[in-house]
Engineer: 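Quick one: structure below, then a few questions.
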Amino acid sequence: MPELPEVEVTRRSFALQIEGARILAVTMGKPLRWALGCVPDKLVGSQVQQVRRRGKYLLIDLDRGMLMVHLGMSGSLRFASDLPALGVHDHFDMRTDRGTLRLHDPRRFGAVIATSGENDPVARKLLDGLGMEPLDASHFRWEAFHAGLQASRSPIKPLLLSGKLVVGVGNIYASEVLFASRIAPTAAANSISTLKAKRLYQSIREILALAVERGGTTLRDFSSADGMPGHFQLQAQVYGRNGLPCMRCGNAIALLRQGQRSTYYCPHCQKT
DNA sequence: CGTGGCTCCTGTTAGC
DNA sequence: TGCTAACAGGAGCCAC
């Protein structure tokens with residue numbers, strides 16, 4: 001479900017409240033994608049220092065160790081002091097003296113992993129090799145992005161989704177940024193003109209930033225940790241609009257399958 | 001190494 | 001209305 005904007009909106013919705021909190025108890029539900037990596041009781045007594053994000057991972061720094069949280073396809077976090085009883089899809093529940101952090105994840109593609117810190121082998125394995133942070137101007141450099149495109153013959157849509165060049169662009173935003181920059185999703189990355197590559201670079205920055213500003217996209221059930229839904233779907237130009245008229249030229253939006261994922265695009269506006 | 005296919009799991013929706 | 005199949009916002013792993 002969540003792409004970078006939803007993860008960032010989630011982070012902002014509870015980071016300040018949970019900082020300094022002391023962990024009182026941890027309860028696990030059904031198993032998630034990976035085991036927690038330690039007995040839940042081991043977390044008790046630790047203090048939350050800050051909540052960061054790398055790609056679609058939330059990194060919760062503790063005075064001893066680091067919790068990594070991934071929302072997968074259907075995950076969402078809540079942080080509140082008055083949460084209802086655990087539901088069948090609540091699989092991680094961390095009670096603190098400031099409130100309870102709870103992961104709700106019906107499909108269980110998400111993860112909560114306890115590591116010793118950023119240099120923990122498990123953390124390294126998941127974080128090493130991630131691409132540039134699109135909302136970090138000093139990290140997301142045009143020169144590096146352009147060089148990355150030039151170095152790949154992969155179709156641009158799956159390359160964006162892979163996170164190897166730039167992180168956080170998921171299935172919705174991949175379609176949206178390619179439409180905005182008028183690039184065919186099937187175009188080989190190294191065949192994209194410098195002009196279009198520049199538009200793509202700008203679109204990634206602008207569209208993701210706008211989505212964060214708007215509170216993320218809620219297609220089904222996304223909400224941030226304070227329970228607020230997103231509003232960005234009102235802005236979607238192509239995603240989910242198969243057969244409907246293109247907002248730019250009026251021709252029908254087409255649907256394409258790339259690597260088992262749906263891609264929406266305008267065949268008229270997005271050539272090569 | 002880069003690339004593509006499969007897989008995990010549950011819920012919702014489209015089609016008959 | 002009920003059944004079934006397809007599909008859903010991710011990404012690690014394996015085989016080429």
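Below, chains carry the letters A, B, ... as their sequence lines are ordered, and counting in each starts from 1.
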Engineer: Report yes if a side-chain nitrogen or oxygen of A/H89 is closer than 4.0 Å to either non-bridging phosphate oxygen (OP1 or OP2) of B/dG11; otherwise report no.
Structural biologist: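 Yes, such a contact exists.
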
Engineer: How many whole angstroms separate atom CD of A/E6 from atom C1' of C/dA8?
Structural biologist: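 About 14 Å, once rounded to whole Å.
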
Engineer: Apply the hydrophobic cluster definition, ILVMFWY joined by side-chain contacts under 4.5 Å directly or through others, and give me every member besides A/Y265.
Structural biologist: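 Its cluster mates, by chain and number, are A/L256.
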
Engineer: Please list, in numerical order, the residues of residues 181-192 of chain A that have a heavy atom closer than 4.0 Å to any atom of DNA chain C.
Structural biologist: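 Heavy-atom contacts with DNA chain C come from no residue of residues 181-192 of chain A; none.
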
Engineer: Picking from C/dA8, C/dG9, B/dG11, which would you name as closest to the side chain of A/E3?
Structural biologist: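 Nearest nucleotide to the side chain: C/dG9.
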
Engineer: Using whole Å, what does the distance between atom P of nucleotide C/dA8 and atom OH of A/Y173 come to?
Structural biologist: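 In whole Å, C/dA8 P and A/Y173 OH are 17 Å from each other.
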
Engineer: Between A/R108 and B/dT10, does any side-chain N or O lie under 4.0 Å from OP1 or OP2?
Structural biologist: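 Yes, A/R108 has a side-chain N/O under 4.0 Å of OP1/OP2 on B/dT10.
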
Engineer: Once you apply a heavy-atom cut-off of 4.0 Å, does A/K30 come out as touching a base, just sugar-phosphate, or nothing?
Structural biologist: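 The answer is sugar-phosphate, as A/K30 gets under 4.0 Å only of primed atoms, P, OP1 or OP2.
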
Engineer: Reckon A/S152 touches a base, only the sugar-phosphate, or nothing at all at heavy-atom distances under 4.0 Å?
Structural biologist: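 Here A/S152 touches the backbone only, sparing every base.
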
Engineer: A/I172 has an atom CD1; how far is it from atom P of C/dA8, in whole Å?
Structural biologist: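 Atom CD1 in A/I172 sits about 11 Å away from atom P in C/dA8.
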
Engineer: Expected output check: what is the dot-bracket annotation of DNA chain C, where ( ) and [ ] are pairs inside the strand (brackets for crossing ones), | is paired with another strand, and pairs are Watson-Crick or G-U under 3.5 Å?
Structural biologist: .|||||||.|||||||

Engineer: Who are the ring pair (Phe, Tyr, Trp, His ring centres under 6.0 Å) partners of A/H91, not counting sequence neighbours?
Structural biologist: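 None.
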
Engineer: Which nucleotide sits closest to the side chain of A/N171: C/dG10, C/dA8, B/dT3?
Structural biologist: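 Given the options C/dG10, C/dA8, B/dT3, the side chain of A/N171 is closest to C/dG10.
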
Engineer: Using the rule for Phe, Tyr, His and the six-membered ring of Trp, do A/F109 and B/dC9 stack at under 5.5 Å and under 30°?
Structural biologist: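 Check failed, A/F109 does not stack on base of B/dC9.
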
Engineer: Rounded to the nearest angstrom, tell me the gap between atom NE2 in A/H91 and atom C1' in B/dG11.
Structural biologist: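 After rounding, the gap between these two atoms is 12 Å.
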
Engineer: Between the side chain of A/K196 and the main-chain N/O of A/S181, is any donor-acceptor distance below 3.5 Å?
Structural biologist: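 Checked: no pair found.
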
Engineer: What is the distance from CG of A/L159 to P of C/dG10, rounded to the nearest Å?
Structural biologist: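 Value for this atom pair: 15 Å.
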
Engineer: With P as the reference atom in both, quote the distance from B/dG5 to C/dC7 in angstrom, rounded to an integer.
Structural biologist: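 My reading of the P atoms in B/dG5 and C/dC7 gives 15 Å.
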
Engineer: Scan for salt bridge (Lys or Arg N to Asp or Glu O under 4.0 Å) pairs involving residues 54-70 of chain A, sequence neighbours excluded, and state none if there are none.
Structural biologist: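 For residues 54-70 of chain A, and leaving out neighbouring residues, the salt bridge (Lys or Arg N to Asp or Glu O under 4.0 Å) pairs sorted by first residue read A/R22-A/D63, A/R52-A/D61, A/R54-A/E133.
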
Engineer: With sequence neighbours excluded, what pairs up with A/W142 under the ring pair (Phe, Tyr, Trp, His ring centres under 6.0 Å) test?
Structural biologist: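 Only A/H146, A/Y201 meet the ring pair (Phe, Tyr, Trp, His ring centres under 6.0 Å) criterion with A/W142.
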
Engineer: Counting only side-chain heavy atoms from C-beta out, which of B/dT10, B/dG4, C/dG9 sits nearest to A/Y239?
Structural biologist: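 Nearest listed nucleotide: C/dG9.
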
Engineer: On a whole-Å scale, what distance lies between the P atoms belonging to C/dA6 and B/dC6?
Structural biologist: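 Looking at atom P only, C/dA6 and B/dC6 are 14 Å apart.
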
Engineer: Calculate the interatomic distance between A/L32 atom CG and B/dC9 atom P; express it in whole Å.
Structural biologist: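 It is 12 Å, rounded to the nearest whole Å.
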
Engineer: Give a yes or no on whether A/W34 and A/M66 share a hydrophobic cluster (residues Ile, Leu, Val, Met, Phe, Trp, Tyr; joining criterion: side-chain heavy atoms under 4.5 Å apart).
Structural biologist: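 Same cluster.
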
Engineer: By salt bridge (Lys or Arg N to Asp or Glu O under 4.0 Å), which residues pair with A/D82, not counting sequence neighbours?
Structural biologist: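 Once residues adjacent in sequence are excluded, A/D82 has no partner under the salt bridge (Lys or Arg N to Asp or Glu O under 4.0 Å) criterion.
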
Engineer: Could you go through nucleotides 11-13 of chain C and list every protein N or O atom that sits under 3.5 Å from one of its N or O atoms, giving the distance for each pair?
Structural biologist:
unit_1: C/dA11; atom_1: OP1; unit_2: A/H70; atom_2: NE2; d: 2.5
unit_1: C/dA11; atom_1: OP2; unit_2: A/K56; atom_2: NZ; d: 2.9
unit_1: C/dG12; atom_1: OP1; unit_2: A/Y57; atom_2: OH; d: 2.9
unit_1: C/dG12; atom_1: O4'; unit_2: A/R33; atom_2: NH2; d: 2.9

Engineer: Restricting to salt bridge (Lys or Arg N to Asp or Glu O under 4.0 Å), what partner residues turn up for A/R153, sequence neighbours left out?
Structural biologist: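 By the salt bridge (Lys or Arg N to Asp or Glu O under 4.0 Å) rule, A/R153 matches no residue at all.
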
Engineer: Can you name the residues that form a salt bridge (Lys or Arg N to Asp or Glu O under 4.0 Å) with A/D128, not counting sequence neighbours?
Structural biologist: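 With neighbours one apart ignored, the set is A/R124.
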
Engineer: In whole angstroms, how far is the C1' atom of C/dG10 from the CG atom of A/L160?
Structural biologist: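 Whole-Å distance recorded here is 15 Å.
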
Engineer: Could you tell me whether a side-chain N or O of A/R241 sits under 3.5 Å from a main-chain N or O of A/C246, the two making a donor and an acceptor?
Structural biologist: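 Such a contact is absent between A/R241 side chain and A/C246 backbone.
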
Engineer: For A/D93, enumerate each residue passing the salt bridge (Lys or Arg N to Asp or Glu O under 4.0 Å) test, keeping only those at least two apart in sequence or located in another chain.
Structural biologist: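 If we apply the salt bridge (Lys or Arg N to Asp or Glu O under 4.0 Å) test to A/D93, skipping adjacent residues, the hits are A/R102.
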
Engineer: Does the side chain of A/R257 pick up a donor-acceptor pair with the side chain of A/S262 at under 3.5 Å?
Structural biologist: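 The criterion, which ignores hydrogens and geometry beyond distance, is satisfied for A/S262 and A/R257.
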
Engineer: Can you tell me if A/S74 touches the phosphate of B/dC9, counting only side-chain N or O atoms and a distance under 4.0 Å to OP1 or OP2?
Structural biologist: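 For B/dC9, neither OP1 nor OP2 has a side-chain N or O of A/S74 closer than 4.0 Å.
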
Engineer: For A/A151 and A/Q260, find the nucleotide of DNA chain B closest to each by heavy atoms; which residue's nucleotide sits nearer the 5' end?
Structural biologist: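 Its nucleotide being nearer the 5' end, the pick is A/A151.
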
Engineer: Between C/dA11 and B/dT12, how far apart are the two P atoms, rounded to whole Å?
Structural biologist: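 Comparing P positions in C/dA11 and B/dT12 gives a spacing of 23 Å.
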
Engineer: Tell me the interatomic distance from A/H104, atom NE2, to B/dC9, atom P, rounded to whole angstroms.
Structural biologist: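 In whole Å, B/dC9 P and A/H104 NE2 are 18 Å from each other.
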
Engineer: Under the ring pair (Phe, Tyr, Trp, His ring centres under 6.0 Å) test, which residues partner A/Y264, sequence neighbours left out?
Structural biologist: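 Checked A/Y264 against ring pair (Phe, Tyr, Trp, His ring centres under 6.0 Å); matches are A/Y239.
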
